[in-house]
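Step one of this worksheet: look at the structure below.
For ligands, and for the atoms within them, numbers begin at 1 and follow the listed sequence. Bear in mind the structure is a predicted one, so any value in this text is a computation, not a measurement.
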Amino acid sequence: MTPFDAELTTALNKRREQQRYRQRRTSQSPQDANVVVDGSTYLAFASNDYLGLANHPQVVSALQQAAEDSGVGSGASHLVHGHTHHHHSLEQALARFTGRERALLFSTGYMANMGVISALAGRGDHVYQDRLNHASLLDAGIVSRAKMIRYRHNDIEQLESLLAKESKDSKESKDSKAGHTKRKLVVVDGVFSMDGDIAPLQELSALCQRYHAQLMVDDAHGFGVLGKHGGGCVEHFNLSSEEVPILVGTLGKAFGTFGAFVAGSEALIETLIQFARPYIYTTALPPAIAAATQASLALLQNDFPRRESLHQLIAYFRQGAASLGLPIMDSLTAIQPIVLGDDNTVLKAAHFLRDNGVLVGAIRPPTVPEGTGRLRITLNANHCEADIDRLLRLLAEACACS
Ligand SMILES: Cc1ncc(COP(=O)(O)O)c(C=O)c1O
């Protein structure tokens with residue numbers, strides 16, 4: 001072993017001792033309520049494919065047809081030669097769907113968040129973030145070199161006092177890197193990815209307007225799930241583009257495909273095209289993925305029974321879990337975490353479920369704060385009540401043993 005590998009191995013061993021060593025398992029089936037992983041069949045509550053579109057025949061067929069007419073690879077970045085009619089038409093459809101002037105595709109949600117925050121904020125600017133924001137938003141805040149200020153989860157009062165303090169201190173000084181008036185960006189998950197609760201966007205938007213800050217919402221887990229047409233948090237709260245000027249969605253969750261988008265004004269999207277480095281310096285998504293997403297967008301908007309079944313399952317799970325005394329959280333979305341505390345307890349419970357044929361996410365720090373390890377249970381429109389009954393029975397047993 002080289003000295004470098006020995007050094008890496010020491011850190012890996014430490015990770016193992018902390019019970020935080022992560023391992024990949026290999027799926028051998030498409031996303032669905034029942035999946036095959038490492039040769040065994042499981043009932044799965046671990047995917048973000050909330051509407052069951054990742055293997056929907058219309059989505060698969062749109063992908064196949066587009067691959068036949070456009071091939072697989074896009075060949076270049078959007079700005080060089082990779083922007084196809086499939087990408088363009090999806091961007092227009094996403095703009096209509098979100099009620100924004102324009103939308104822009106990114107290769108992943110992580111890159112969209114990096115791109116937006118670092119294009120809009122820099123030295124001298126302020127980025128305010130909820131403590132429980134997704135890692136991609138927090139990382140983007142660091143990379144942007146703006147001053148990053150984190151406020152307690154959903155604590156509007158604390159955010160207000162931080163904004164008020166900054167306004168007093170700065171008095172409109174023009175010292176940001178771009179020479180514009182110091183910019184304030186308030187950044188938040190629409191639906192918190194590990195907790196499933198919804199950010200108080202109406203209050204956040206009012207606060208942003210009062211303190212001349214821009215509100216950025218990453219609604220990765222709200223699109224498809226919330227709103228009559230699956231328009232996510234902004235549809236749920238009926239928020240306009242003035243109230244939420246920067247809206248991010250990811251396509252790998254309820255859309256069932258891959259990639260991400262940012263929706264907003266003409267000026268915002270042109271700014272991202274010119275200045276967002278993760279947009280500029282990367283190969284465009286495969287065009288067939290864009291075509292498949294257009295098929296999934298139509299289903300996500302118009303297949304009302306599908307969304308309705310998901311919401312019935314969420315209510316059924318919550319009712320059953322509450323009657324068993326399981327520690328559910330305040331979540332009306334497809335993410336239904338059971339917080340168990342220390343890492344060992346979480347791992348034991350997840351292993352017990354797996355040994356009994358049920359897959360759930362075992363989420364531990366640093367993904368969640370210390371002492372709040374949890375089973376991240378995600379529901380899917382393809383589950384049925386009998387699936388939930390089986391899950392609940394096993395959860396009750398797992399929690400009784402822990
Ligand atoms: C809130 C949130 N934003 C962004 C992302 C990143 O999206 P992607 O997986 O497309 O990179 C995720 C999850 O992965 C997420 O949960």
Side-chain angles (χ1 to χ4, degrees), residues 22 24 27 31 46-51 53-54 87 90 94 98 103-118 127 129-144 150 153-154 185-199 201 204 215-226 232-234 236 244 246-263 272 276-279 282-286 289-290 292-293 296-297 300 329 331 333-337 361 363 366-369 374 376-380:
R22 287 149 151 94
R24 300 176 306 170
S27 283
Q31 292 298 324
S47 158
N48 300 318
D49 176 30
Y50 306 126
L51 293 176
L53 298 181
H87 298 109
L90 175 60
L94 288 167
T98 54
L104 187 71
L105 285 174
F106 277 77
S107 295
T108 68
Y110 194 100
M111 291 167 80
N113 287 336
M114 281 284 168
V116 173
I117 296 181
S118 54
V127 177
Q129 302 222 29
D130 188 292
R131 280 205 166 273
L132 297 190
N133 274 356
H134 188 257
S136 56
L137 295 167
L138 299 172
D139 293 356
I142 295 166
V143 167
S144 75
R150 295 172 74 181
H153 181 49
N154 284 342
L185 215 57
V186 172
V187 178
V188 70
D189 280 25
V191 170
F192 288 88
S193 56
M194 296 299 137
D195 295 63
D197 57 334
I198 305 171
L201 294 185
L204 286 168
L215 179 58
M216 169 178 177
V217 176
D218 171 358
D219 204 14
H221 301 275
F223 278 112
V225 176
L226 298 173
C233 287
V234 295
H236 177 78
V244 177
I246 310 158
L247 179 59
V248 176
T250 62
L251 303 173
K253 300 182 169 66
F255 281 87
T257 61
F258 186 75
F261 65 93
V262 181
L272 297 178
R277 294 169 67 87
Y279 178 78
T282 202
T283 301
L285 279 177
I289 291 286
T293 305
S296 82
L297 171 60
L300 179 142
M329 293 183 75
S331 161
T333 66
I335 303 165
Q336 293 292 328
I363 310 292
T367 308
V368 291
R374 65 199 65 188
R376 181 176 184 267
I377 291 158
T378 47
L379 303 177
N380 170 316

(message) Can you report which non-hydrogen protein atom sits closest to atom 16 (O) of ligand 1, along with the distance?
(response) H221 NE2, 2.6 Å
(request) Given side-chain hydrogen bond (donor to acceptor under 3.5 Å, both in side chains), test T367 with R22 step by step and report yes or no. (result) CA-CA 12 Å; T367 308; R22 287 149 151 94; 2.8 Å; yes
(request) Measure T250 to ligand 1 on non-hydrogen atoms and call it side chain, backbone, both or neither using the 4.0 Å cut-off. (result) side chain
(message) Students should be able to answer this: which protein heavy-atom is nearest to atom 5 (C) of ligand 1, and at what distance?
(response) H134 CE1, 3.5 Å
(request) Report the part of A260 (side chain from C-beta onward, or backbone N, CA, C, O) that has a heavy atom under 4.0 Å from ligand 1; answer both or neither where that applies. (result) neither
(request) Could you establish whether M111 and ligand 1 come within less than 4.0 Å of each other, counting only heavy atoms on the residue side? (result) no
(message) Show the nearest heavy-atom pair for residues P278 and M114, with the distance to one decimal.
(response) CG-CB, 3.8 Å
(request) Evaluate the criterion side chain to side chain contact (heavy atoms under 4.5 Å, CB included) for residue pair F255 and L94; output intermediate values, then yes/no. (result) CA-CA 12 Å; F255 281 87; L94 288 167; 4.2 Å; yes
(message) Restricting to non-hydrogen atoms, name the atom on S296 and the atom on L53 that form the minimum distance, rounded to 0.1 Å.
(response) O-CD1, 3.7 Å
(request) Identify, for atom 1 (C) of ligand 1, the protein heavy atom at the shortest distance, and state residue, atom and that distance. (result) D218 OD2, 3.3 Å
(request) May I ask you to list the atoms of ligand 1 that are less than 4.0 angstrom from any heavy atom of Y110? (result) 6 (C), 7 (O), 8 (P), 11 (O)
(message) So, regarding G109 and ligand 1 (criterion: nitrogen or oxygen to nitrogen or oxygen, under 3.5 Å), is there a contact or not?
(response) yes
(request) Identify, by atom number and element, the atoms of ligand 1 in contact range of S136, meaning under 4.0 Å from any of its heavy atoms. (result) 3 (N), 4 (C)
(request) Decide yes or no for D195 and I335: does some side-chain heavy atom of the first lie under 4.5 Å from some side-chain heavy atom of the second? (result) no
(message) Only heavy atoms of A220, strictly under 4.0 Å: list the atoms of ligand 1 that pass.
(response) 1 (C), 2 (C), 3 (N), 15 (C)
(request) Determine whether the side chain, the backbone, both or neither of N113 has a heavy atom under 4.0 Å from any heavy atom of ligand 1. (result) side chain
(request) Without swapping roles, check the side chain of R131 against the backbone of H153 for a donor-acceptor pair under 3.5 Å. (result) no
(message) Using the rule side-chain contact (heavy atoms from CB on, under 4.5 Å), only one of N133, D218, L132, L137 pairs with V188; which is it?
(response) N133
(request) Tell me which protein heavy atom sits closest to atom 13 (C) of ligand 1, plus the residue, atom name and distance to 0.1 Å. (result) K253 NZ, 2.7 Å
(message) With a 3.5 Å distance limit and no angle check, can you tell me whether T333 reaches the backbone of G196 through a side-chain donor-acceptor pair?
(response) yes
